[in-house]
Amino acid sequence: MSAVPLTAEQNRETAAVAEVIAAGRAAALRHWVPATSGNFSVRINADRVAITRSGVDKGALTSADILIQPLDAPLLPRSSAEAPLHLALYRRDPSIGAIFHVHAPGSTVLSRVAGPGGLRLTGWELQKALPGITSHEQAIEVPVFANDQDTDRLAGLVEARLAAPTADGALLAPGYLLAGHGLYAWGTSPKEAARHLEALETLFEFELSYRRFTP
Ligand SMILES: CSCCC(=O)C(=O)COP(=O)(O)O
Ligand SMILES: [Zn+2]
């Protein structure tokens, strides 16, 4: 009996699930997703994403832990508690290919030091790992939102903030912080989202150390 070949769409779905599993494992190796925290998603096409289920160990994901969520349908049972934050970003920006959320130490601590509002980054060469940044002299704005257990309401605030202009023409980071909670970062592909996540978390660690030495 010959196997039925997979369609291009099925191949895309399988690849997206594998990317979600790999992103969770990479984050866990860096201790960025302690105690089942974090959530990860990868776009399959214009209408659907692969996203982690709620409450599972993101460092030991299997394909059974990944849901295929249509963007314009109610949340599937056992979906991530933070799925509305992922879906809102995919809906507003078709170029987003992956979204990763971690509870990494630099992000989580700095989000409380900065408080709700915005965080400015400038002076760091590593900023150039972010899109549109060509100099350490440019300013990057990272929105910081008060944490909220109502993630639909939070998604509405994020959408409004990302649509608003920044002060002084600063570039918006491909990510934001939830105060006392963690970091969301995205990119056009899983690889780019991972690079943005790593750059932002490292910049936040730099910033925390720097602030200890400066008034
Ligand atoms: C144990 S961390 C609390 C929930 C959270 O912030 C998180 O990132 C994980 O939520 P999920 O529903 O996606 O597992
Ligand atoms: Zn979280």
Side-chain angles (χ1 to χ4, degrees), residues 16-44 48-71 73-91 96-116 119 142-159 161-162 173-187 190 193-194 196-198 200-201 204-205 208:
V17 168
E19 297 277 15
V20 169
I21 292 171
R25 187 174 302 134
L29 287 172
R30 306 185 83 162
H31 305 285
W32 289 352
V33 285
T36 77
S37 64
N39 28 75
F40 298 83
S41 65
V42 170
R43 189 191 283 277
I44 299 165
R48 297 187 308 146
V49 298
I51 185 167
T52 44
R53 274 206 299 120
S54 186
V56 294
D57 179 352
K58 309 313 185 305
L61 294 168
T62 70
S63 52
D65 299 320
I66 319 294
L67 301 170
I68 307 302
Q69 172 72 53
L71 292 183
L75 288 185
L76 295 166
R78 302 189 299 169
S79 194
S80 166
E82 297 169 15
L85 296 169
H86 290 247
L87 303 190
L89 285 173
Y90 285 116
R91 286 190 203 112
I96 291 181
I99 302 171
F100 300 156
H101 164 57
V102 295
H103 290 210
S107 306
T108 309
V109 175
L110 186 62
S111 69
R112 291 193 71 178
V113 174
L119 172 68
V142 185
V144 184
F145 301 95
N147 198 19
D148 190 340
Q149 299 305 319
D150 183 336
T151 51
D152 283 309
R153 183 166 55 201
L154 200 43
L157 292 178
V158 171
E159 279 192 88
R161 176 67 193 82
L162 296 185
Y176 62 80
L177 290 165
L178 299 179
H181 181 160
L183 168 64
Y184 271 81
W186 54 85
H196 293 166
L197 190 74
E198 182 174 52
L200 287 169
E201 169 60 14
F204 297 152
E205 287 169 7
L208 270 178

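Owing to the predicted nature of the structure, the values given are computational and were not obtained by experimental measurement. Both ligands and their constituent atoms are indexed starting at 1 by order of listing. Along the sequence shown, residues carry numbers from 1.
- Two residues are said to be in side-chain contact when any heavy atoms from C-beta on lie closer than 4.5 Å; Phe204 and Leu183 meet this criterion.
- In this pair, Phe40 and Phe100 present their aromatic rings tilted. The plane angle is within the 30 to 60° band.
- Angle subtended at the Zn ion (ligand 2) by His103 NE2 and Glu82 OE2: 150°, rounded to 10 degrees.
- Below 3.5 Å of separation, one finds no N or O of Thr52 facing any N or O of ligand 1.
- The protein atom (non-hydrogen) at minimum distance from atom 2 (S) of ligand 1 is Ser37 CB, 3.6 Å.
- Salt-bridge formation is not detected for the pair Arg30/Glu201: no Lys NZ or Arg NE/NH1/NH2 atom is positioned less than 4.0 Å from an Asp or Glu carboxylate oxygen.
- For Arg78, the CZ atom is loosely surrounded, since the number of other residues' heavy atoms within 6.0 Å does not exceed 12.
- In this structure, the side chains of Leu87 and Gln69 come closer than 4.5 Å at one or more pairs of heavy atoms.
- Checked against a 3.5 angstrom limit, the closest N/O atoms of Glu82 and ligand 1 fall inside it.
- Near Ala35, meaning under 4.0 Å from any of its heavy atoms, are these atoms of ligand 1: 1 (C).
- A distance of 3.5 Å separates OH in Tyr184 from CD in Glu82, rounded to the nearest 0.5 Å.
- Using a 4.0 Å cut-off to heavy atoms of Asn39, the atoms of ligand 1 that qualify are 7 (C), 8 (O), 9 (C), 10 (O), 11 (P), 13 (O).
- Numbered from 1 in the order shown, with element, the atoms of ligand 1 that lie under 4.0 Å from a heavy atom of Gly38 read 7 (C), 8 (O), 9 (C), 13 (O).
- The neighbour count for Arg25 CZ, taken as heavy atoms of other residues, nucleotides or ligands under 6.0 Å away, does not exceed 12.
- Of all atoms in ligand 1, numbered sequentially from 1 with element shown, those under 4.0 Å from a heavy atom of His103 are 2 (S), 5 (C), 6 (O), 7 (C), 8 (O).
- Checked by atom type and distance alone, the side chain of His196 pairs as donor or acceptor with a backbone atom of Trp186 at under 3.5 Å.
- When NE2 of His101 and NE2 of His181 are joined through the Zn ion (ligand 2), the resulting angle is 100° to the nearest 10°.
- Close contacts between ligand 1 and Ser80 involve ligand atoms 11 (P), 12 (O), 13 (O) [criterion: under 4.0 Å to a heavy atom].
- Between the choices Pro34, Gly55, Ser54, the shortest heavy-atom distance to atom 12 (O) of ligand 1 belongs to Ser54.
- For ligand 1, the atoms lying closer than 4.0 Å to a non-hydrogen atom of His101 are 8 (O).
- The closest approach between Thr36 and ligand 1 falls below 4.0 Å for a heavy atom of the residue.
- Here the closest non-hydrogen pair linking Ser41 and Tyr90 is OG-OH, 2.7 Å.
- Near His181, with a cut-off below 4.0 Å to any heavy atom, the atoms of ligand 1 are 6 (O).
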